[in-house]
Amino acid sequence: MLRRTYQGLVALSVLALVPMTWAWLSSSGHRVAAEGRAPAAWPARVPETQAALVLGAGLYADQPTLMLARRLDIAAELYRAGKVRALLLSGDNSRKDYDEPTAMRDYLRARGVPDAVMVLDYAGFDTWDSCVRARKVFGAERVTVVTQEFHLPRAVTLCRTAGLETFGVGDDSARRLPGPTYVYAARELFATAKAFADAKILHSDPVFPGPREVSLTRILSQPGAPGA
């Protein structure tokens, strides 16, 4: 009996690691940290794509959390470096008093990013929804997904599984926010298991799968659009 219990626990442990292995291997070579010994040099390692897909990370008093603010700062750097033409801001607006995409836009607007290059996705309720909607609703083909490093393998892998040619840039939040980072990183085991089920087993549709938006296509149709 004890032997069978032990074998069962070992099997469960192996199964639990399958989604994490899938995410890490699938995203290998397609991600970079916006940090390091020469922080100013990281944009040179990022290929040109159509848009930076910035994933929501919560609000505090209607303002982006510190993690979300860092994602937005990275996206602004990508835009200024000519690595992307548009910023696709994907977040949660499931209720009237909570609007991540608008807060994300306002943050970037205050830092000099033109409204004309920002596209808001109000139904990015989770990473899989954001990736699928970027492809099917907004018509993106090549994106640079922006998040934290602990989330990057899952985000890149889900977007690639959704049919996007994807590169990822991650913030090393452990340097500034070690406590929350370690908590969220621990949750990645369960989040990646759900992601694996959504993307590879259930082929889940987004909560709101449409209708088709043309705002991103209009930006990319302008002359000189990187990655267009």
Nearest-0.5 Å distance, [atom1] of residue [X] to [atom2] of residue [Y]:
| X | Y | atom1 | atom2 | result |
| --- | --- | --- | --- | --- |
| Ser173 | Leu66 | OG | CG | 10.5 Å |
| Leu158 | Asp198 | CG | CG | 8.0 Å |
| Glu165 | Thr144 | CD | OG1 | 9.5 Å |
| Phe125 | Glu100 | CZ | CD | 10.0 Å |
| Leu53 | Thr166 | CG | OG1 | 8.0 Å |
| Thr161 | His203 | OG1 | NE2 | 10.0 Å |

Under a single-linkage definition using a 4.5 Å side-chain heavy-atom cutoff for Ile, Leu, Val, Met, Phe, Trp and Tyr, are [X] and [Y] assigned to the same hydrophobic cluster?
| X | Y | answer |
| --- | --- | --- |
| Met67 | Ile74 | no |
| Phe150 | Leu55 | no |
| Leu120 | Tyr98 | yes |
| Val169 | Val113 | yes |
| Leu59 | Val146 | yes |

ask   = Is there a side-chain contact (heavy atoms from CB on, under 4.5 Å) between Gln148 and Leu177 once you walk through the steps?
value = CA-CA 11 Å; Gln148 267 70 41; Leu177 301 165; over 6 Å; no
Over all heavy atoms of both residues, which pair between [X] and [Y] is shortest? Give the atoms and the distance, please.
| X | Y | result |
| --- | --- | --- |
| Ala155 | Thr127 | CA-CG2, 3.8 Å |
| Val54 | Ala75 | CG2-CB, 3.5 Å |
| Pro101 | Gly91 | CG-N, 3.8 Å |
| Val137 | Pro209 | CG2-O, 3.1 Å |
| Ala195 | Arg154 | CB-CD, 3.8 Å |
| Leu108 | Leu72 | CD2-O, 3.4 Å |

Contact between [X] and [Y] at the side-chain level, heavy atoms closer than 4.5 Å - yes or no?
| X | Y | answer |
| --- | --- | --- |
| Val32 | Phe167 | yes |
| Trp42 | Leu78 | yes |
| Val132 | Asp205 | no |
| Asp129 | Phe208 | no |
| Tyr182 | Pro178 | yes |
| Ser27 | Arg160 | no |
| Gln63 | Tyr60 | no |
| Leu216 | Gln50 | no |

request  = Apply the test side-chain contact (heavy atoms from CB on, under 4.5 Å) to residues Glu141 and Arg135: give CA-CA distance (whole Å), side-chain angles for both, the deciding distance (0.1 Å), then the verdict.
outcome  = CA-CA 6 Å; Glu141 296 176 355; Arg135 182 72 183 96; 4.1 Å; yes
Any sub-3.5 Å donor-acceptor pair from [X]'s side-chain atoms to [Y]'s backbone N or O?
| X | Y | result |
| --- | --- | --- |
| Thr192 | Pro19 | no |
| Trp22 | Phe196 | no |
| Ser28 | Leu25 | no |

message = Any carboxylate oxygen within less than 4.0 angstrom of a Lys/Arg side-chain nitrogen, looking at Arg71 and Asp171?
response = no
message = Can you tell whether the side chains of Arg70 and Glu77 come within less than 4.0 Å, N to carboxylate O?
response =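 Counted as a salt bridge, because a side-chain N and a carboxylate O are separated by less than 4.0 Å.
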Over 12 foreign heavy atoms within 6.0 Å of [atom1], [X]:
| X | atom1 | answer |
| --- | --- | --- |
| Asp106 | CG | yes |
| Phe190 | CZ | no |
| Arg109 | CZ | yes |
| Tyr122 | OH | yes |
| Arg45 | CZ | no |
| Arg187 | CZ | no |

Test side-chain contact (heavy atoms from CB on, under 4.5 Å) applied to Tyr107 and Asp73, Leu68, Thr102, the passing residue = Asp73
request  = Evaluate the side-chain contact (heavy atoms from CB on, under 4.5 Å) criterion for residues Arg175 and Glu149: first the C-alpha distance (whole Å), next the side-chain angles of each, then the deciding distance (0.1 Å), finally the verdict.
outcome  = CA-CA 11 Å; Arg175 300 177 63 179; Glu149 270 197 283; over 6 Å; no
